[in-house]
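Per chain, numbering begins at 1; letters A, B, ... match sequence-line order.
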Number of protein chains: 2
Amino acid sequence: MGRVKRPLTRDRVLRAAVRVADEGGLGALTMRRLAEVLGAEAMSLYYHVRNKEEVLDGVVEVITSEINDLVDKIDLPSEGAAWKAAVRTRILTAREVFLRHPWATGVFESRTSSNPAVLRYNDGMVRLLRDGGFTHDQIHHALHALGSRSLGFTQELFDPGTGPVTEESLAALRGMADAFPHLVSMLTEIAHDDPDSTLGWCDDQKEFEFGLDLILDGLDRLRA
Amino acid sequence: MGRVKRPLTRDRVLRAAVRVADEGGLGALTMRRLAEVLGAEAMSLYYHVRNKEEVLDGVVEVITSEINDLVDKIDLPSEGAAWKAAVRTRILTAREVFLRHPWATGVFESRTSSNPAVLRYNDGMVRLLRDGGFTHDQIHHALHALGSRSLGFTQELFDPGTGPVTEESLAALRGMADAFPHLVSMLTEIAHDDPDSTLGWCDDQKEFEFGLDLILDGLDRLRA
DNA sequence: ACCTGAACACCGTTCAAGT
DNA sequence: ACCTGAACACCGTTCAAGT
């Protein structure tokens with residue numbers, strides 16, 4: 001934060017990009033704003049990165065490195081049946097990083113990046129599954145089946161509302177009973193079972209773990 | 001495509017938006033280009049939609065309606081154990097629509113939309129799972145576990161390359177053996193097993209079905 | 001009610017020029 | 001080698017004005 005103007009580097013640019021997005025969301029991450037926080041002009045950035053795409057690729061690298069730093073510290077057995085707990089912990093640890101940088105999932109989704117950090121993360125995943133006794137072919141399928149869950153986040157399309165369950169939202173729900181009877185039945189029952197839910201309609205973490213365990217259990221059954 | 005200038009409507013605007021993206025990708029979908037194909041000025045669009053966000057929300061609605069038209073025609077038993085085949089067919093049918101509009105997954109990912117079309121799709125999904133004997137609570141978990149897979153697409157982060165397996169790509173792979181030993185071992189074995197693969201490293205459809213079946217089998221085991 | 005022209009505030013990026 | 005000022009081509013959007 002000092003007033004002294006350190007020279008720009010690719011690394012400083014990318015770390016600043018994460019900081020800008022942390023503070024103002026992905027929309028705040030413009031080349032001009034990025035230069036501003038670095039005490040430089042927008043055009044100076046182009047000496048260190050080719051274009052904005054490269055900044056976003058770099059952001060993926062920075063975030064994934066943060067994940068790697070955390071998962072590298074995990075010291076759990078992974079031989080045989082222990083693979084599952086090891087992979088589960090790895091993924092839930094990675095997830096913590098996305099909870100700190102909620103805007104980052106969108107960046108990961110927008111590119112199929114295979115930078116060194118992501119490759120290293122996947123390499124560790126292959127190792128754990130290998131320890132579990134899976135064949136290379138099974139591991140390949142497993143990584144595809146996990147998709148973004150492997151890094152700790154999911155794309156939710158079913159979102160019955162993020163706010164808390166209120167009298168208004170319940171009334172709105174009743175109004176849709178004719179058009180979407182099965183959906184409304186389900187949601188009213190869920191709201192009724194947990195009327196004081198301060199978490200809103202769903203507990204993201206619980207749902208993530210449910211889906212993750214479903215897949216891990218399924219994989220475990222495939223082991224030789 | 002007659003020369004006659006029909007009046008703009010919200011519906012015409014949204015359908016044109018899908019057409020523009022089909023032809024030039026999501027990047028081509030600008031308000032100015034959209035107006036152009038409709039034979040109007042960009043500013044005229046704002047009489048029918050609030051802003052570009054609403055155009056994108058509308059695109060989700062149009063695409064999901066296309067999906068609903070297809071899945072509504074499916075006539076399969078869904079009582080008891082038959083639920084699985086019914087859901088599987090529904091999802092793979094929805095997937096066909098995204099294969100026709102590959103740019104659309106990005107739009108779905110960028111918003112948690114609950115427009116009427118998406119609600120209707122989910123309503124049908126709840127019905128099928130209900131027929132299968134699941135409780136409302138289980139169905140709720142199931143929809144979260146499926147995530148975007150419920151609509152027929154996944155977010156792939158593990159992508160070892162889209163091109164075909166060539167001598168160059170294999171050489172590049174060998175160069176990474178020190179840094180990512182487990183990953184490289186896996187990929188070389190996969191390439192070796194299927195050396196003439198014209199599909200490239202992975203068959204997207206096969207991987208999608210593998211992951212889908214893993215989840216559906218897992219859910220089936222939860223039924224009362 | 002429906003559409004438009006001109007204008008504004010913002011992008012990412014190029015290029016020639018500075019030190 | 002590193003940084004910058006001015007400028008360009010493009011956005012989405014506002015607003016007053018047309019029919």
(message) Show me, range against range, the stems involving DNA chain C, built from at least 3 consecutive Watson-Crick or G-U pairs below 3.5 Å.
(response) C:4-8 with D:12-16, C:12-16 with D:4-8
(message) If I take atom CZ in residue B:Arg6 and atom C1' in nucleotide C:dC3, what distance separates them, rounded to the nearest angstrom?
(response) 17 Å
Can I get a per-line list of side-chain donor-acceptor pairs under 3.5 Å for residues 33-45 of chain A, giving both atom names and the distance, sequence neighbours left out?
from	atom 1	to	atom 2	distance (Å)
A:Arg33	NH1	A:Glu36	OE1	2.4
A:Ser44	OG	A:Glu41	O	3.2

(request) Kindly write out the residues that satisfy ring-ring contact (aromatic ring centres under 6.0 Å, His included) with B:Tyr46, not counting sequence neighbours, or none if the list is empty. (result) none
(request) Treat primed atoms plus P, OP1 and OP2 as sugar-phosphate and everything else as base, then score nucleotides 5-10 of chain D 5' to 3': B for base contact with protein heavy atoms under 4.0 Å, S for sugar-phosphate contact only, - for none. (result) BBB---
(request) Classify the side-chain pair B:His136/B:His140 by whether it contains a donor and acceptor separated by less than 3.5 Å. (result) no
(request) Could you identify which residues of residues 46-54 of chain A place a heavy atom less than 4.0 Å from some atom of DNA chain C, listed by residue number, or say none? (result) A:Tyr46, A:Asn51, A:Lys52
(request) Return the value, rounded to whole Å, for the distance between atom CD of B:Glu36 and atom C1' of D:dC11. (result) 15 Å
(request) Ignoring hydrogens and angles, tell me if any N or O in the side chain of A:Lys52 forms a donor-acceptor pair with the backbone of A:Leu29 under 3.5 Å. (result) yes
(request) Verify, without hydrogens or angle tests, whether B:Arg127 (side chain) and B:Asn122 (backbone) share a donor-acceptor contact under 3.5 angstrom. (result) no
(message) Rounded to whole Å, please give me the gap between CG in A:Leu38 and C1' in D:dT4.
(response) 15 Å
(message) A quick test of your reading: do over 12 heavy atoms of other residues, nucleotides or ligands sit less than 6.0 Å from CZ of B:Arg15?
(response) no
(request) Please check if any side-chain donor atom of B:Arg149 sits under 3.5 Å from a side-chain acceptor atom of A:Gln155, or the reverse. (result) no
(message) For A:Tyr121, does the six-membered ring have the charged nitrogen or CZ of A:Arg90 within the cation-pi criterion, i.e. under 6.0 angstrom from the centroid and within 45° of the normal?
(response) yes
(message) In whole Å, I'd like the distance from the CG atom of B:Leu29 to the P atom of D:dC11.
(response) 11 Å
(message) Tell me every residue that passes side-chain hydrogen bond (donor to acceptor under 3.5 Å, both in side chains) with B:Asp137, counting only those two or more places apart in sequence or in another chain.
(response) none
(request) Round to the nearest Å and state the distance from B:Leu26 atom CG to D:dC11 atom P. (result) 13 Å
(message) Students often mix this up, so state it plainly: with edges at 30° and 60°, are the rings of B:Phe98 and B:Phe153 parallel, tilted or perpendicular?
(response) tilted
(message) Whether B:Asp22 and B:Arg100 form a salt bridge (side-chain N of Lys/Arg under 4.0 Å from carboxylate O of Asp/Glu) is what I want to check.
(response) no
